[in-house]
There are 2 protein chains.
Amino acid sequence: MTAPKTTIAEKLQTKFDSLTRAERQLANSLLDNYPVSGLASITTVAQNADVSTPTVARMVQKLGFKGYPEFQRALRDELEARISNPIAKHDNWATTAPETHILNRFADAVIQNMRQTLGQLDPDEFDGACAMLADKERCVYIVGGRITRALADYMFTHLQVAREGVSMIPSNSNTWPHYVLDMKAGDVLVVFDIRRYEHDILRLAELAKERGVEIILFTDQWSSPVSKFAIYRFNCRIEVPSAWDSSTATLLIVETMIACVQDRTWNITSDRMEELEKLFDRTRLFRKFI
Amino acid sequence: MTAPKTTIAEKLQTKFDSLTRAERQLANSLLDNYPVSGLASITTVAQNADVSTPTVARMVQKLGFKGYPEFQRALRDELEARISNPIAKHDNWATTAPETHILNRFADAVIQNMRQTLGQLDPDEFDGACAMLADKERCVYIVGGRITRALADYMFTHLQVAREGVSMIPSNSNTWPHYVLDMKAGDVLVVFDIRRYEHDILRLAELAKERGVEIILFTDQWSSPVSKFAIYRFNCRIEVPSAWDSSTATLLIVETMIACVQDRTWNITSDRMEELEKLFDRTRLFRKFI
DNA sequence: AAATTTCTGTAAAATATGTTGCAAGAACGA
DNA sequence: TCGTTCTTGCAACATATTTTACAGAAATTT
């Protein structure tokens with residue numbers, strides 16, 4: 001076969017950007033548990049996606065099919081090729097790469113982690129932590145361990161844009177006393193601590209707590225000992241088919257939290273972002289002359 | 001459901017003896033490339049089996065279904081159980097929070113990003129990049145931009161455990177020439193560059209390329225200009241309901257890649273990890289005496 | 001803020017699908 | 001061979017599906 005025939009899934013993904021709101025909703029619904037979900041009647045498909053029947057009819061035409069029946073036939077043909085020929089093709093990962101490919105296994109595990117993490121997460125606690133981080137009266141300190149330093153750094157970079165008074169506590173624990181010195185009651189310390197919990201971090205948390213600092217903890221399902229000092233604790237699932245752990249679920253929560261904080265402080269954040277853009281422009285201009 | 005549900009295929013086989021001539025013909029046609037052949041309309045199924053439509057209708061009733069639609073639904077359900085999309089269905093992420101809570105909206109978007117990222121990713125390219133990173137003859141350099149620095153750092157921390165000869169190129173571009181000086185043909189440079197592409201990084205990539213360094217690029221769907229120097233490029237989806245972008249999909253690919261490299265270098269990696277553990281222990285012991 | 005364009009759902013028309021009654025035909029036993 | 005019983009397909013009917021037309025809503029542009 002010379003012409004690489006594109007699957008409907010690929011078509012949906014490629015054209016996703018050019019789809020309208022209702023159509024995207026439909027595309028997502030179709031891709032959820034693809035391709036079986038597309039084999040029901042047009043009415044059922046529409047109901048599952050919470051859109052009207054005509055939306056389905058229109059979208060399949062947009063994808064290049066004459067009508068819904070033709071679309072379904074294509075879907076069936078695809079399925080037939082996939083089932084009767086389980087190993088052969090390798091063109092599209094999502095539909096044809098072997099189940100055992102590490103991408104598949106890893107993605108499976110990560111999704112599982114995300115689901116469990118979100119399932120256990122208390123939205124009220126989440127909102128509480130966001131409110132605390134959005135409170136401009138409180139200074140925010142962020143610290144991470146050997147592995148989680150990257151997550152801490154990520155959060156720092158983004159929070160720093162959203163509001164003022166955010167500090168990253170560096171890895172070198174010798175400098176930590178300087179930071180503790182500045183902490184005052186009501187300030188917030190965000191701690192990342194996942195297994196192989198680090199003793200230094202526990203000590204830091206203890207010191208901070210003594211000064212009346214509120215601690216937000218990101219940890220794994222087994223909970224870092226820091227939790228006894230924390231006001232909010234988020235347990236993220238981290239297990240994957242690998243010799244070490246995954247940070248994806250944690251990053252998801254961190255990103256969502258940043259988005260939430262940014263929402264709450266939007267009037268300030270938008271100004272800061274604008275100003276930041278200007279500063280970048282000036283830096284660039286500056287460089288040109290060097 | 002506790003009772004072991006018999007598949008339609010089983011039912012057909014069990015009841016085969018009690019079926020009539022035309023019905024057996026139909027049953028054979030259905031079992032031939034099962035279950036896809038049963039997903040077409042009753043008319044099509046009848047034609048494929050060279051029997052009349054009523055024969056089909058009667059047989060499905062004989063099998064215990066109320067009518068043809070019910071029979072088809074059972075087939076679809078069976079298929080669903082058999083094929084499950086790696087990025088499974090999202091029913092409710094944060095079950096205790098409303099659908100519109102940012103946790104749910106964000107999770108939706110992130111899943112969508114992962115799905116699209118994985119859908120567009122070529123497994124061969126992925127494997128190729130892993131092989132390159134696992135090749136101990138090549139030194140590996142990793143660089144990230146303002147936002148992606150955290151990802152670069154994360155990859156560095158993990159790759160450093162898996163193999164030797166891994167360097168992190170720091171943010172301060174003034175020091176970059178020192179690193180370029182050490183790069184030799186065949187080395188690998190992993191570049192993270194997502195929108196608001198950074199000019200300095202482009203220059204670095206160009207310099208590296210000139211020295212015969214192979215470049216692996218992680219970028220967004222719009223592709224950083226670095227791609228013209230890259231041998232492997234991974235486009236990750238980054239859009240979320242927020243003022244800036246998500247790194248979750250990128251992290252997923254990075255983590256999977258780390259796991260894959262670790263697999264390939266396992267004989268070396270396991271030794272290194274063991275040694276690392278010992279070093280940690282000794283450091284801890286050391287501290288106790290201070 | 002008004003106007004234009006685009007999108008989306010309701011409702012009705014067109015079409016295909018699924019079901020049932022009936023008569024012709026095949027199979028089987030006497 | 002005949003008669004009985006069971007099977008099968010045709011055709012009409014009922015039902016569900018798919019499509020089209022249209023108007024209100026939403027988004028976008030001017």
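Convention: sequence-line order gives letters A, B, ...; per-chain numbering from 1.
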Asker: Counting N and O atoms only, with roles assigned by atom type, does the side chain of B:Glu198 sit under 3.5 Å from a partner on the main chain of B:Gly145, one being a donor and the other an acceptor?
Answerer: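 Here the side-chain-to-backbone pair does not exist.
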
Asker: Atom CG of A:Asn267 and atom OG1 of A:Thr269: how far apart are they, to the nearest 0.5 Å?
Answerer: 7.5 Å

Asker: So, does B:Gln72 use its side chain to make a donor-acceptor pair with the main chain of B:Leu39 at under 3.5 Å?
Answerer: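 Judged by distance alone, yes, a pair lies under 3.5 Å.
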
Asker: Contact boundaries of DNA chain D with chain B (under 4.0 Å, heavy atoms), 5' to 3'?
Answerer: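 The contacted stretch runs from D:dT7 to D:dA11.
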
Asker: Check the orientation of A:His158 and B:Trp244. Use parallel for under 30°, tilted for 30 to 60°, and perpendicular for over 60°.
Answerer: tilted

Asker: Is A:Glu164 atom CD crowded by more than 12 heavy atoms from other residues, nucleotides or ligands, each under 6.0 Å away?
Answerer: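 Open: at most 12 neighbouring heavy atoms sit under 6.0 Å from CD of A:Glu164.
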
Asker: What does the B/S/- profile of nucleotides 7-20 of chain C look like, 5' to 3', with a 4.0 Å heavy-atom cutoff to protein?
Answerer: SBBBB-----SSBB

Asker: Residues two or more places apart in sequence or in another chain: which of them pass salt bridge (charged side-chain N to carboxylate O under 4.0 Å, His left out) with B:Asp220?
Answerer: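 With sequence neighbours excluded, B:Asp220 shows a salt bridge (charged side-chain N to carboxylate O under 4.0 Å, His left out) to no residue whatsoever.
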
Asker: Is it true that A:Asp135 and A:Arg138 have a side-chain N and a carboxylate O under 4.0 angstrom from each other?
Answerer: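 Between A:Arg138 and A:Asp135 there is a salt bridge, with a charged N closer than 4.0 Å to a carboxylate O.
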
